[in-house]
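For reference, the structure discussed in these notes is given below.
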Amino acid sequence: MFLDLDETGKLDVHKNTGNFLMEFKVKNVPSERIATQKILSVIGECLDNFGPGCVGVQKILNARCPLVRFSHQASGFQCDLTANNSIALKSSELLYIYGSLDSRVRALVFSVRCWARAHSLTSSIPGAWITNFSLTVMVIFFLQRRSPPILPTLDSLKSIADAEDRCILEGNNCTFIQDVNKIQPSGNTETLELLIKEFFEYFGNFAFNKNSINIRQGREQNKPDSSPLYIQNPFETSLNISKNVSQNQLQKFVELARDSAWILEQEDKNQPFSSSRQPWGLAALLLPPGSGHTSLSRQKKKKPMSEKVKGLLASIKSNSPDRSTDTSGKRTISTQA
C-alpha cells in the first residue's frame, strides 16, 4: 500500500470566505525524505494505538524507501505502507501480469519462496538476506531464459502497449501492456517438475561474480558495481533491488541451490515407490539441513579417497625415512623432506 500525498494538492475544496481564513500546511523541513519519515512515523503511531486489528507495527524509516510494516489480524495480510511510492505499486501490477500469463509462474514462485523460507534464506527482519521480491524477479528472469521463453521481457511488454498504458512516474518509463489477452501465450510445455530442477541448476551455476539479472531485456549483463548480487530494478534501472544481500548469504543460496538440484537429479534416476515413507520431490527440498536426503556437499565430505587425501598419502610415502648404514657399520636415518 502507498499513501499518495501528491493528489491532495489537486483537490478542489470549496472554502467559505469570511473575516478569518486559515489554511493548514505542512511545516517546512530540510528535505522531502524527512517529511515522508515524519508523516509515516505519525501514521505508524496511529496504527499501533488505534488501527483495528493492526498488530506488529514496525516503523522502518531509515530504509531507502521509508515504510511502516504491520499485520492485519482479521485478514492475515502483512502490509508495507509507504508514502508517494507509486513505482512500487507499478511493480506489483507487473508481477500480477506475469503471474496471469502462465499457470506455472505462481506455482514456481510459491515453491521457491517456500524453499527459501525453510532454509532461512529470507527473513521478515530487514538485513543481508535475499528478499521475496528478489526471488520472484529471479524466477521471472529464469522463465525468460527458457527455450522457447515462458515469459516475455519487460521491453517486449512495453513495445505492444497501447496509448492508455503509457505511464511515466518520477521520470521513469513504467509503461507495459495491461491487457493480458493481447499477449501471445508461450509455446513452452516444460513441466513444473523439470522447471524447479532447472531453476536450481541454473542459479547454482550462475556467474554472480560478473553478471547481473535484468528482466527488461531478459539476458545477463555485466555488473555495474561490486555488489555480490545485482538484480536491476525493472523501472528505476539505475538501482539494484538486491544491494542489501551479503556475500555470505549469496554463497548460502548458491550451495543450497546446488544441493537441491542434486537431490532432484537423484530422484529422477531412482523414482520413489508409492509405499516409501521417505519425503521426495518438493517435500524433500523443504526438509531442514541434516534430515532426509544427504546433500551433495555432505556426500563429497564423506568420500574416503578424495584427491586431497590421495595427494597427502603420496607425499608421506615419498618422504618416508630412508634407512642406510654408514662406514662405521651404524644404521642412520635420513630425514630429508
Side-chain angles (χ1 to χ4, degrees), residues 1-16 20-97 99 109 113 116-117 122-137 167-176 178 231 233-245:
M1 297 175 62
F2 83 97
L3 178 64
D4 189 357
L5 299 176
D6 289 338
E7 294 297 320
T8 58
K10 301 175 184 178
L11 296 177
D12 184 15
V13 180
H14 177 70
K15 298 178 181 179
N16 293 322
F20 299 98
L21 179 63
M22 180 178 291
E23 291 185 3
F24 294 90
K25 294 183 178 180
V26 177
K27 292 181 179 179
N28 290 330
V29 290
S31 67
E32 184 178 347
R33 176 180 173 84
I34 293 177
T36 300
Q37 289 174 324
K38 288 180 176 292
I39 291 169
L40 287 177
S41 179
V42 173
I43 292 175
E45 289 295 327
C46 292
L47 286 172
D48 199 16
N49 290 289
F50 309 114
C54 296
V55 297
V57 177
Q58 295 176 276
K59 295 186 289 185
I60 308 173
L61 304 178
N62 291 323
R64 186 188 69 83
C65 181
L67 61 95
V68 174
R69 176 171 294 167
F70 63 94
S71 297
H72 186 244
Q73 282 184 318
S75 63
F77 289 142
Q78 179 176 299
C79 177
D80 287 352
L81 174 65
T82 60
N84 294 346
N85 189 24
S86 52
I87 290 182
L89 187 63
K90 204 65 180 176
S91 297
S92 297
E93 291 178 9
L94 177 64
L95 298 186
Y96 177 81
I97 292 292
V109 169
R113 285 167 62 156
R117 183 174 62 185
T122 55
S123 175
S124 59
I125 304 171
W129 300 275
I130 297 176
T131 64
N132 282 325
F133 181 54
S134 293
L135 287 173
T136 303
V137 174
C167 179
I168 305 295
L169 297 173
E170 301 174 22
N172 300 287
N173 195 331
C174 303
T175 303
F176 57 87
Q178 298 288 317
I231 304 176
N233 188 302
F235 300 119
E236 298 177 276
T237 55
S238 62
L239 299 180
N240 174 14
I241 66 171
S242 56
K243 193 174 182 63
N244 63 299
V245 179

Point-to-point distance, once rounded to the nearest 0.5 Å, from CZ of Arg33 to CG of Asn62: 6.5 Å

Roughly how far, to the nearest 0.5 Å, is the CG atom of Asp80 from the CZ atom of Phe2? 14.0 Å

At what distance, to the nearest 0.5 angstrom, does CG of Leu67 lie from CE of Met1? 12.5 Å

So the side-chain hydrogen bond (donor to acceptor under 3.5 Å, both in side chains) pairs with at least one residue in residues 42-52 (sequence neighbours excluded) are Glu45-Lys59

Ignoring hydrogens, what is the shortest heavy-atom contact between Thr237 and Pro234? Give both atom names and the distance. CG2-O, 4.0 Å

Under the 3.5 angstrom rule, does the side chain of Thr36 hit a backbone N or O of Glu32 as a donor-acceptor pair? yes

Working to the nearest 0.5 Å, report the span between CG of Asn132 and CZ of Arg113. 4.0 Å

Give the minimum heavy-atom separation between Pro66 and Thr82, together with the two atoms involved. O-CG2, 3.6 Å

What is the distance from atom CD1 of Ile130 to atom CD1 of Ile241, rounded to the nearest 0.5 Å? 10.5 Å

For atom CZ of Arg117, decide whether the heavy atoms of other residues, nucleotides or ligands shown that lie under 6.0 angstrom number more than 12. no

Return the CG to OG distance between Asn244 and Ser134, rounded to the nearest 0.5 Å. 6.5 Å

Is a side-chain donor or acceptor of Thr122 paired with a backbone partner of Thr131 at a separation under 3.5 angstrom? no

Closest non-hydrogen contact found for Leu169 with Lys90 is CD1-CB, 4.2 Å

Atom CD1 of Ile168: over 12 foreign heavy atoms under 6.0 Å: yes

Between the main-chain N or O of Ser238 and the side-chain N or O of Asn233, is there a donor-acceptor pair closer than 3.5 Å? no

What pair of heavy atoms forms the shortest contact from Val68 to Leu47, and how long is it? CG1-CD1, 4.2 Å

Please give me the minimum heavy-atom distance between Phe176 and Cys174, naming the atom from each residue. CD2-O, 3.5 Å

Work out which heavy atom in Gln37 is nearest to a heavy atom in Leu61; give both atom names and the distance. NE2-O, 2.7 Å

Would you find a donor on one side and an acceptor on the other, under 3.5 Å apart, between the side chain of Asn240 and the backbone of Ile231? yes

